[in-house]
Student: 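Here you go, one structure.
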Amino acid sequence: MSTETQKGAEARPEFKEVVTTSTWQRWMHSDIWHSYKRSPVIIVSSLTFLVLVLGAVLSPLISPYTPFDPASLNLMNGFTKPMSANEFTGDYFLLGTDDQGRDVLSTILFGLRISLFVGVVAVLFAMTLGVVLGLVSGYVGGWVDGMIMRIADIQMTFPSIMVAMLLYGIGKGLIPPDLRDEMAIWVLIISIGLSEWVQFARTVRGATMVERQKEYVQAGNLIGLSRWSIMLRHILPNVTGPILVIATISLALAIIAEATLSFLGVGAPKTEPSLGTLINVGRQYILSGEWWILLFPSLTLLALALSVNLFGDWLRDILNPKLR
Amino acid sequence: MLAFIIRRLGQALLVLMAVGFVSFSMFKFMGDPLENMLGQEATVADRAELEERLGLNDPIIVQYFDFFERALRGDFGVSYRVGLPVGEVILDRLPATLELAFLSGVFAISLGFVLGVYTAIKRDGFLANFIMTTSLIGVSLPTFLIGVFLIWAFSVNLGWLPSFGRGETRSVFGVDLAIFTWDGLRSMILPAVTLGLYQMTLIMRLVRSEMLEVLRTDYIRFARARGLSQRTVNFGHAMKNTLVPVITVTGLQFGSIVAFAIITESVFQWPGVGLLFINAVSFVDIPVMSAYLLLVGVIFVTINLIVDLLYFTIDPRLSVSSN
C-alpha cells in the first residue's frame, strides 16, 4: 500500500502543467480518478454495483417474466431446473423457477429493486437526520449538544440491527393491522434509517466543531447571517467528505440489515419480496435439493454487499489525507 | 478510581433508566392488550373485568412505578401470543441462549486468538495471507447467509450435523442444558460457529494488529538480544501484552453475541430468547418485546461496566495514573 502511494506522489509533478478548465478535465486529472484506474478490485466492484443498479432500475423492462402477476404464472412451471426448459410447458428459464413457477431471474431483478430502494432511502433518511442533528449539536453546543449526544450514546450501546428490529416491531404495532402489509416497506425504511443516524451525527458534529472556529464562520456571523444559513450553506459543504464515506459504508450495512430483517420475516412482505425474502423462500427447499432457489438470490446479495463494502473502503482511504 | 467507578455507575443507571422508559412506553401506549387478548365474542363485562385485572385504569404515574416494581420481581405481564406470563417464558428460554452464546464465545476467543497470533508471527506466510483475505470476505457476509450455507454444507450435503433444534437436553440444577449431552452438543456446533464467526474474525484481526505493534517495541528487541528463544519472546513477552485490548473488545462483543443470537436462533430454530423476540416482533407481542428490551439493556450495561472495571485489574498502569 505504502509503495503504491509513493508512486502516486512521484507522478504528481505533471499536475502543475495541467490547466484546469472544465470540471471533466479536473476530474480526469484528480487523485481519485488516478487511484481508481490503478486498482482492479475497485473497478470490478464498482462495475458490479453499476450492473446490479441497472438491473434493478430496468427490471420491469428487462426481466423475462412478470413474477408477481398471478395471471401470468403457471404452476406447471414449478421447480424448473436452471438453464433448461420446463418439461410440461416448454418455457425456458435461465436460473430456474421456484415452487410457484416464478422465474428466479425475474424475482431476483425485482427483489434487487426493493433491496436497493429500501437501502438507499433508509441511508438518505439516516443521513438527513444525522447531518442536521450533528450540525446543530456541533454548532450550537451546550445542553442541546449534551442531549443529542446522550441519546446517541445510549443507542450506540445496542447493535444497530437489534435497534432496527425493535423499531420495526414498534412501527408495526402503531399501524392498524389492515394496513400493515402495505406500509411494511416504509416501516422498514424508517426503522433502518433510525438505527443508522448516530454515525452521521457523531462525525458531522466533530467536523462542525472544527469548522466553527474558522474565520469564514466568524465572518458569516459578523455580516449577520442566520445560524441555519451558516450551518447549511457554509459549514455543510466543508464536511461532505466524511459524510460521503459514512454514507457508502451505511449503504452496505443498510442492505444487509434489510436482507436480514426480511429473511427473518419482519421486513418486506411476501407480496413485495426483497432479496432477503427470496433467500428465506429458497431456504425451505435446500433439504429437498432445489438449490437454485436459494443460491442465486444469495449470490446477488453477496455481490451487492461486497461491492458496496469494497467501494466504501476505497473511498475512505482516498478521502482521508492521513492515510495517503 | 472511586470517582471513576461512581461516574460509570451513574452512566449505567442513566442508560438503564432510558431503556426502562422506552420499555414502559411501549408497554403502555402501544397496541390494545384487550383487543389482543379477548376473543371476538367477548362481552363488555369481560372487557371491564380484564381491564381492571391488568391495572389499566390506574393513573399513568402509578402504572409507571408499578412497571418498575413488577419488573424487579420479574413480572412483565402476559404474552399476547402464547398467553403465559412473560417472565416465565423468558426464564424458560434464557438458558438455551446463554449456553449458545457461551459456546460461540469460547469458539470465537480461542480460534481468534490462535489465528491472530499465528498470522502476526508468520506475517508474510502464504497461509497467514490466505487467512487474512478469507476473513475480509467473512466480515462482509451477513450472519444468516453463513448459517444457511453451513446447513447446506454440513447437514444437507454431508449429513454430519443436525440442521435445526436443540437436540437432547439434560437437567443440571433444575436447568435444562444441551451442552452436556452428545446429541445436544452436536446440535450446537453449527449455530455456535455461525454466531461466533464474525466475532472470531474481529478478535483475530485485533490480536494480529496488537501483536505486530508489540513485536516492534524495544523490550522485544532487547529480549531477542538477550538470546531468548523465539517461543519465549513470542508467547511469554509479546502475547501477554496484547491482552488488555483483546479482553475489552471480547467483553464488549459478548453483548453483540446476545443480539446476533436473534438471527442465528431463527436460522437454526434454536429455542432461545432471540427466537422468542423475533416471533414477538412479527406478532406485535408488546409485553415480550418490552421485557426483552429491558433484559438486553441490563445485560449490555452490566457487561460494559464489568469490562470497564476489569481495566484496572488487568492493566496496573491505569490505576497508577489515576491515583
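Values below: every heavy atom of this structure, side chains too, minus hydrogens, waters and symmetry copies. No experiment lies behind these values; they were computed from the predicted model shown. Letters go in sequence order (proteins before strands), and every chain restarts at 1.
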Student: What residue in B/Asp285, B/Val15, B/Ile151, B/Ile278 has the most heavy-atom pairs under 4.5 Å with chain A?
Tutor: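 Counting heavy-atom pairs under 4.5 Å, the top option is B/Ile278.
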
Student: What I'd like to find out is whether the side chain of B/Pro142 reaches to under 4.5 Å of the side chain of A/Phe263, using heavy atoms alone.
Tutor: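 No, side chains not in contact.
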
Student: Can you give me the closest heavy-atom contact between A/Pro159 and B/Phe300, atom names plus distance?
Tutor: CD-CE2, 3.4 Å

Student: Heavy-atom cut-off 4.5 Å, strictly under: side chain, backbone, both or neither for A/Leu264 against chain B?
Tutor: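 Its backbone and side chain both get close to chain B.
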
Student: In terms of heavy-atom pairs under 4.5 Å, which option from A/Asn309, A/Leu166, A/Ile154, A/Leu302 contacts chain B the most?
Tutor: A/Leu166

Student: Under 4.5 Å heavy-atom distance to chain A, tell me which part of B/Ile263 shows up: side chain, backbone, both or neither.
Tutor: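 Contact with chain A is through both the backbone and side chain of B/Ile263.
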
Student: Is chain A contacted by the side chain of B/Val19, its backbone, both, or neither, given a heavy-atom distance below 4.5 Å?
Tutor: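 Side chain only.
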
Student: Hey, are the side chains of A/Arg283 and B/Trp152 touching, using non-hydrogen atoms and a 4.5 Å cut-off?
Tutor: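 Counting from C-beta outward, A/Arg283 and B/Trp152 never come under 4.5 Å.
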
Student: Do the side chains of B/Leu14 and A/Arg150 get nearer than 4.5 Å, heavy atoms only?
Tutor: yes

Student: Flag yes if more than 12 heavy atoms outside B/Tyr198 fall under 6.0 Å of its OH atom; otherwise flag no.
Tutor: no

Student: Indicate the atoms forming the closest heavy-atom contact of B/Val296 with A/Met162, along with that distance.
Tutor: CG1-CE, 3.6 Å

Student: If I compare all heavy atoms of B/Ile262 with all of A/Met165, which pair ends up nearest, and what's the gap?
Tutor: CG2-SD, 3.7 Å

Student: Shorter than 4.5 Å, heavy atoms on both sides: which option in A/Leu253, A/Leu306, A/Ile256, A/Thr260 has the most such pairs with chain B?
Tutor: A/Thr260

Student: Once you round to the nearest 0.5 Å, how far does OG of B/Ser266 lie from CG of A/Asn280?
Tutor: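 Answer for the OG-CG pair, B/Ser266 versus A/Asn280, is 7.5 Å.
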
Student: How close do B/Ser282 and A/Val266 get, heavy atom to heavy atom, and via which atoms?
Tutor: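 Scanning both residues, the minimum pair turns out to be CB-CG1, 3.8 Å.
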
Student: I want to check something: taking the side chain as every heavy atom from C-beta on, are A/Leu295 and B/Phe149 in contact at a cut-off of under 4.5 Å?
Tutor: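 Yes, at least one pair of side-chain atoms sits under 4.5 Å.
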
Student: Would you mind checking which part of A/Leu294 comes under 4.5 Å of any heavy atom in chain B, side chain (CB onward), backbone (N, CA, C, O), both or neither?
Tutor: side chain

Student: What part of A/Leu301 is in contact with chain B, defined as an atom under 4.5 angstrom from a non-hydrogen atom: side chain, backbone, both or neither?
Tutor: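 A/Leu301 touches chain B through side-chain heavy atoms alone.
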
